[in-house]
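After the structure tokens below, expect a handful of questions from me.
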Amino acid sequence: MPLPSPGRPRLRLALAAAGLVLILAGCVPTGTTRESANPQDAQTVQENLAVAANNLRSYAILDDEFAPEIRAHLFGIPGLRSLSSVTEARVLAAIESNGSFGGRAAYSPVLTDPAARRPAERFIVAPQVQDPRTTGAPTSGASDAGTAGKFPTEAEESEPGERLEIGNEVLAAGGDFLVSRLWVRGPGDDRPQASVLVTQISTDTTVDIGDLFDAEVDAAAIAVDAFGHVTLEGSQVPEKSLTALGRTVSKSLRTPLALPAAADERRPDYSCSLLPCVALTYDDGPGDPEGEDSLLDAAAEAGVRLTYFLLGRNVAAYPGTVERMVDQGHEIANHTHSHPQLDRSSPATVRAQVRQADDAIEAAGAGRPELLRPPFGALDSAAAGVLGHPAILWDVDTEDWRHKNPGKVVASVARDARPGSIVLMHSIHPSTIEASPQVFRTVAEKGLYAVTTSELFAGVELSAGAQYYCRGYGSELCSNPEHPAVLRN
Ligand code: NI
């Protein structure tokens with residue numbers, strides 16, 4: 001049974017009905033009907049949680065520069081985009097509504113030491129353990145029925161304070177479904193606010209169960225016991241009280257978890273609105289195939305994707321290299337056909353240069369490029385008017401073409417790359433190729449996620465002829481060289 005998307009009202013009613021039944025079920029006195037407690041089910045439940053733990057990735061967004069401080073620990077699972085996008089939208093809304101923009105125009109992603117990312121086990125809620133021989137309260141794994149499976153261990157670790165604390169965690173997983181909880185505790189709140197999300201894996205759809213309960217039922221009270229049965233306030237919800245959809249989800253929790261098979265694990269689970277990202281860009285290629293192959297190997301090894309601003313004439317000379325760039329998921333963009341200075345070229349020449357490179361890139365199998373970088377970063381209004389693509393500049397200039405020193409390339413990235421940066425390098429210099437493995441490590445050690453330029457700007461609309469130096473705060477762009485985030489090299 002497919003889960004409806006949250007925007008489809010008719011199907012939403014069915015889920016609302018499921019929610020209502022859960023409320024009623026919670027009122028059923030404990031000890032009435034209890035599903036059999038099959039030891040095999042308990043094993044499957046544990047195995048599913050272990051599979052989820054092995055596949056999730058940990059993210060930390062910790063910002064103590066502005067008040068209130070942000071402490072967010074989130075997990076994501078490659079291939080479950082719907083779960084991360086619903087989660088991300090709520091996290092950004094919580095940051096905004098709690099005033100964590102700190103007087104800034106918008107939230108800007110913060111650098112967080114990768115060591116702060118929590119281990120996978122901490123995103124898994126241990127199932128509530130109940131003794132099948134009794135019909136009373138849980139006997140172990142929780143001290144009393146009132147708190148069993150009830151609230152985020154994380155949130156209980158600290159007193160209410162001046163921080164904004166956010167976390168998500170896996171409640172249960174099995175078959176085609178993953179059930180997670182997202183909680184937010186604002187400054188001064190005694191208890192966090194929670195929502196429970198159900199993700200259908202095969203269709204990558206995520207719906208909110210928390211919204212379907214009325215105020216009397218806290219999403220925090222929903223749990224899953226050790227045998228894969230849904231509980232409410234510590235009491236098992238009888239299967240027969242669930243709707244067809246509820247039964248489908250519930251049954252699946254006792255079958256082996258089937259996570260998505262194919263997903264590009266190099267893509268972070270959250271966007272650059274939330275995470276600190278950087279775009280590593282390489283110009284003027286394809287160069288000598290041996291050098292380009294080394295760079296591609298290093299990128300594959302590091303699990304990063306790059307943006308190549310290619311010259312049309314070089315694309316025609318090395319189509320095999322372009323093919324490999326495309327196969328490995330890198331972004332291919334236009335750097336004109338033969339590298340003229342566009343602010344000194346006639347509009348007719350600019351048009352021809354852009355079109356020739358677009359054609360060559362398309363002929364090499366890389367599709368029609370979206371983005372363009374003007375040679376030397378030089379653009380005047382006449383050339384901009386006929387460019388037909390957004391002009392992507394940079395805020396970090398490694399000056400690799402000038403010093404040809406791998407150590408200086410690495411040092412420049414280590415010193416200057418910040419969340420939202422676009423780093424300028426050239427794949428035609430052996431010294432730059434030599435620096436690349438260390439550049440990739442440096443970026444990762446800084447806590448930056450290396451993404452393609454289009455991913456860096458995901459969610460913001462770029463205009464043809466406009467210039468972009470970096471991604472600024474939130475959806476703001478550094479679209480002129482005087483932007484405070486643009487370095488003046
Ligand atoms: Ni160039």
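In listed order, ligands and their atoms are each counted from 1.
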Which pairs would a plain distance check flag for residues 306-314, meaning a side-chain donor or acceptor within less than 3.5 Å of a matching protein atom at least two apart in sequence or in another chain?
{"residue": "Thr307", "atom": "OG1", "partner": "Thr453", "partner atom": "N", "Å": "3.0"}
{"residue": "Thr307", "atom": "OG1", "partner": "Thr453", "partner atom": "OG1", "Å": "2.9"}
{"residue": "Asn314", "atom": "ND2", "partner": "Asp284", "partner atom": "O", "Å": "2.9"}

Checklist entry - Leaving out waters, which are not shown anyway, how many protein N, O or S atoms lie closer than 2.8 Å to the Ni ion (ligand 1)? => result 3
Checklist entry - Is Arg71 paired with Glu69 through a side-chain N to carboxylate O contact shorter than 4.0 Å? => result yes
Next on the checklist: Is it true that, when you exclude Glu88 itself, more than 12 heavy atoms of the residues, nucleotides or ligands shown sit nearer than 6.0 Å to its CD?
Outcome noted: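 Yes, because the 6.0 Å sphere around CD of Glu88 holds more than 12 heavy atoms from other groups.
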Next on the checklist: Tell me if a side-chain donor or acceptor on Ser412 pairs with a main-chain N or O of Lys408 at a distance below 3.5 Å.
Outcome noted: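 No: the side chain of Ser412 does not pair with the backbone of Lys408.
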Next on the checklist: Using side chain to side chain contact (heavy atoms under 4.5 Å, CB included), reason through Val396 and Ile422 one step at a time and then give a plain yes or no.
Outcome noted: CA-CA 6 Å; Val396 177; Ile422 299 173; over 6 Å; no
Next on the checklist: Does this structure show an ion pair linking Arg324 with Asp297, if we count only N-O contacts that are shorter than 4.0 Å?
Outcome noted: yes
